[in-house]
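These notes concern the structure reproduced below.
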Amino acid sequence: MADDYQTPAQECDVVMKGGITSGIVYPKAVLSLARQYRFRDVGGASAGAIAAAITAAAEYGRARGGFDTLAKIPDDMSTSLATLFQPDPRGRALYGLLADGFLDGRWGRAVGRIIRQHWLVALVSAVVAVAVTVWSGAGGGFVAGLLAALLGLMVVAGVITVAFLLQAMALLPKLDFGLCPGRTQPGNPRPALSDWLSRTIEDCAGRLTADGTLPERPLTFGDLADHGPSINLRAMTTDLSMRRPYILPFMGSGHFFKDAEFRRLFGDWVVDALIKGQTPQDGYYRFPQPMDLPVVVAVRMSLSFPLLIAAVPLYRVNYADDKSMQRLLFSDGGLSSNFPIHLFDSILPGRPTFGISLDDFDPARSERRVRLPMPASRGRWLEARPITSLADFAMGLLNAAKDWQDNLQTLLPGYRERVVHVYLKPDEGGLNLTMPPERIEGLVDLGGRAGALMAGGPPLDASDAFPFNFNEHRWRRYLVAYASLEALLTEAAQDWGDVNDPDSFAAFIKTYMWQSESYKNSPQWWKNEVFGRMDALMAVGRTWENKMLRHQDGAIPYPRPVLRMVPYLMEASKPKAPPRPE
């Protein structure tokens, strides 16, 4: 088996969507690609970040059987998936309700849990309800007694519900709004999420010792980057306190953590490596620089599904106020970008960047479970979802708010034909933590079918079609790039105007660049060079104004993208200025 992965002829990037347990789709998809491609840039959000990290680790350990190790994960998950989610002892009762009712649909058992937990409240409420029922029946007859009984049951249910909600509201902030911290809990023989992930990453990377023990320190982003050729791993996370996303490992400087809080989330060997060589400052340790950040820490920051998995606390100095430490909570990367298909994007790609999207299955639309919209006419429209219940409405509100950009991005030409869609039924993936082994195996096989399409090989199922064609993809990206650049330059040229027109933007800049209050220390040669380059670009745009080509019918893929300035999320150190030209 190891020889299957030793000599791939090509390179690729891959981005994977979040989806909690839906991530079980990814291993076979990755293995299909690994036979043909080396992975250079790998990214994802939430469960997609787990898959991305394991893929990057397997690429790092390719020569030591990394992908053979990855191939064993589905069999392990078929019997241990639910054990990865281990609640804090304080949240076991609440987790039991969540697992029985909301996740497994066993509402009778869930109600029994609530009653057992709040038995005294239930008993007092029931006694009062019975007393009122007896009194009403004695004074008003059978009908009055029946109505009183129904009202009493409603009161009992209401009182118990209020007691439960009050308990949850008091408990969840103490647990950083997630019942499962990630570290293995006392009494559990199987590892929890963070501990399983730590060992799996090191195992795939080939870094375990001969007797299977963990290395002295965890695999870092720097280890991946120093690999030949380099492996660039990226994971989304969401800073709830600042209401913004980050692309890990880049967070800028100035973040700190507390030893005890991190030991609740990670194994001791991970935290020991983080604090090694540091002297705490008033109990705070400095968060690692990007290339020193352990991969497992970044992935855990990306996978913090609200209420189920605890958020990750970090701190920063509040320079705007009294320089006290502000506590920040980092939650699921999927809240800000669940399918960050924009990662690693290039206007003219030299290698494919595949995307794997996990979507809802709708048998009324199609029986197809895997789809790659390679034909130019496919994948241009968003699929509508019926909204027939309050739950559908609530989920529609949430998903529209957090996913609209990712959804529209996957419609664009040059994007859509490299994104394979895997359609999951309601009882597959997601929050279905207790799926039976045969259902898990079915999801794993869907991933294999997706991987076959991306690898350009023959479909593994008759319903799958249209394998990926990189040459066709590059041709479309070229057409889209031209149309976008033409639109940008012609529109900017109109705004720039003629430098000889005193009312033009160009004339304003030529004068004001010597009078500006901000960024005024640039040398004269630099300002002249920048102005000259800008004016030359705008001159090109002016020559195109009367002979634009992007409007030729049928020549440019639809829908048309636009080039816009957007925030750069990978905050890194300030680049050094280039030397002055001779």
Side-chain angles (χ1 to χ4, degrees), residues 12-19 22-23 25-26 29 33 41-49 51-52 234 236 245 247 333-347 349 352-362 365-366 368-385 396 398-424 429 446-447 449-451 453-454 464-470 472-474 476-477 479-481 483-484 556-564 566 569:
C12 78
D13 308 331
V14 64
V15 177
M16 291 172 266
K17 188 175 184 178
S22 304
V25 166
Y26 293 129
L33 291 173
D41 298 329
V42 190
S46 192
R234 302 291 180 261
M236 300 296 303
I247 298 177
L335 295 175
S336 47
S337 182
N338 201 37
F339 187 32
I341 190 62
H342 55 276
L343 290 174
F344 321 125
D345 196 35
S346 171
I347 192 168
T353 298
F354 295 111
I356 308 175
S357 179
L358 308 173
D359 302 307
D360 296 330
F361 176 70
D362 182 4
R365 176 184 51 80
S366 172
R368 181 172 293 173
R369 302 298 306 276
V370 178
R371 180 176 69 103
L372 182 68
M374 191 67 222
S377 61
R378 304 294 178 92
R380 287 171 48 176
W381 314 108
L382 281 178
E383 298 164 359
R385 298 288 177 228
L398 175 64
N399 291 333
K402 72 183 185 70
D403 293 339
W404 71 269
Q405 293 188 77
D406 296 339
N407 290 337
L408 291 180
Q409 195 86 41
T410 59
L411 297 185
L412 295 178
Y415 286 83
R416 62 176 181 254
E417 70 268 12
R418 59 184 172 89
V419 176
V420 64
H421 299 262
V422 179
Y423 296 101
L424 306 181
L446 290 179
R449 288 163 56 181
L453 289 178
M454 289 185 291
D464 306 334
F466 309 119
F468 180 72
N469 184 323
F470 186 46
E472 184 65 20
H473 168 64
R474 296 178 78 188
R476 295 178 199 174
R477 286 302 290 259
L479 294 174
V480 169
S484 301
I556 301 297
Y558 182 85
R560 308 283 173 81
V562 293
L563 294 177
R564 289 287 185 267
V566 297
L569 297 180

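- Minimum interatomic distance between A481 and I347 (heavy atoms only, all atoms of both residues): CB-CG1, 3.6 Å.
- By the side-chain hydrogen bond (donor to acceptor under 3.5 Å, both in side chains) test, R416 is found to be paired with no residue, residues two or more places apart in sequence or in another chain being considered.
- For D359, the side-chain hydrogen bond (donor to acceptor under 3.5 Å, both in side chains) criterion is met by K17, S357, H421, not counting sequence neighbours.
- Under the rule for a side-chain hydrogen bond (donor to acceptor under 3.5 Å, both in side chains), the partners of R385 that lie at least two apart in sequence or sit in another chain are E383.
- Scored by the side chain to side chain contact (heavy atoms under 4.5 Å, CB included) test, H342 finds S337, P340 as partners (sequence neighbours excluded).
- Residue V419 comes nearest to P373 through the heavy atom pair O-CD, 3.3 Å, listed as atom of the first residue, atom of the second, then distance.
- Take L424 and apply the side chain to side chain contact (heavy atoms under 4.5 Å, CB included) test, not counting sequence neighbours, and it matches S22, V25, L358, V422, E428, L443, L446.
- For F468, the ring-ring contact (aromatic ring centres under 6.0 Å, His included) criterion is met by F354, H473, not counting sequence neighbours.
- Identified under the salt bridge (charged side-chain N to carboxylate O under 4.0 Å, His left out) test for residues 398-415, with sequence neighbours left out: none.
- Both the sub-6.0 Å distance and the 45° axial angle are not jointly satisfied by R234 relative to the ring of F344.
- Contact check for V42 versus D13: no side-chain heavy atoms found under the 4.5 Å cut-off.
- For S336, the side-chain hydrogen bond (donor to acceptor under 3.5 Å, both in side chains) criterion is met by T238, not counting sequence neighbours.
- Taking S484 as the reference, V480, P561, L563 meet the side chain to side chain contact (heavy atoms under 4.5 Å, CB included) condition, with sequence neighbours excluded.
- Side-chain contact between F339 and T410: present, with at least one pair of heavy atoms (C-beta onward) separated by less than 4.5 Å.
- Qualifying salt bridge (Lys or Arg N to Asp or Glu O under 4.0 Å) partners for D345, counting only residues two or more places apart in sequence or in other chains: R418, R477.
- For the side chain to side chain contact (heavy atoms under 4.5 Å, CB included) test, residues two or more places apart in sequence or in another chain that qualify with E472 are M374, N469, W475, R476.
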